[in-house]
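Values below: all heavy atoms of this structure, side chains included; hydrogens, waters and symmetry mates excluded. Note that this is a predicted model, so its numbers are computed, not measured.
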Amino acid sequence: MARRKIEERNIRSLTKMAGGSSYGITLPMEYIRKLGWRSKQKLEVKLYQDRIIIRDWTED
């Protein structure tokens with residue numbers, strides 16, 4: 001598999017998950033580290049106009 005060029009490192013592919021009812025995308029590790037997120041952490045996913053917002057889940 002060829003490596004992406006530096007300017008394309010934030011281009012990601014959408015992948016259909018097993019079972020066919022969900023999709024997944026990998027996020028750059030540098031983003032995860034900067035946000036301080038951990039494996040299996042709960043995240044809130046929200047559709048806003050033509051964007052998807054992913055943020056840390058907080059109990060209201």
Side-chain angles (χ1 to χ4, degrees):
M1 181 183 290
R3 294 177 59 94
R4 294 191 190 273
K5 296 177 185 174
I6 296 285
E7 60 271 7
E8 294 178 352
R9 69 175 174 247
N10 291 332
I11 306 297
R12 301 297 165 133
S13 297
L14 190 61
T15 306
K16 197 169 202 177
M17 306 303 279
S21 62
S22 297
Y23 287 86
I25 187 169
T26 58
L27 300 173
M29 184 56 82
E30 62 192 67
Y31 293 0
I32 302 302
R33 287 185 182 131
K34 190 170 187 172
L35 292 167
W37 289 355
R38 299 285 177 221
S39 179
K40 298 188 180 181
Q41 178 176 341
K42 282 187 177 182
L43 300 172
E44 179 182 4
V45 180
K46 194 173 198 176
L47 184 61
Y48 177 75
Q49 295 176 0
D50 65 338
R51 290 165 171 51
I52 296 174
I53 299 171
I54 305 170
R55 61 183 177 187
D56 189 17
W57 177 80
T58 56
E59 193 169 2
D60 294 333

Linked, directly or transitively: Trp57 and Leu47 (ILVMFWY side chains, under 4.5 Å): no

Side chains of Arg12 and Pro28 in contact at under 4.5 Å (non-hydrogen atoms): yes

Note, Lys46 side chain near Ile52 side chain (heavy atom, < 4.5 Å): no

Any Tyr23 side-chain heavy atom under 4.5 Å of Leu14 side chain: yes

Interatomic distance, Asn10 atom CG to Tyr31 atom OH [nearest 0.5 angstrom]: 3.5 Å

Close side-chain approach of Ile53 and Val45, heavy atoms under 4.5 Å: no

Interatomic distance, Arg55 atom CZ to Leu35 atom CG [nearest 0.5 angstrom]: 13.0 Å

Other residues, nucleotides, ligands: >12 heavy atoms within 6.0 Å of Ile25 CD1: yes

Spatial distance of atom CD1 (Ile54) from atom CG (Leu43) [nearest 0.5 Å]: 7.0 Å

Residue pair Asp56, Gln41: steps toward the side-chain contact (heavy atoms from CB on, under 4.5 Å) verdict: CA-CA 8 Å; Asp56 189 17; Gln41 178 176 341; 2.9 Å; yes

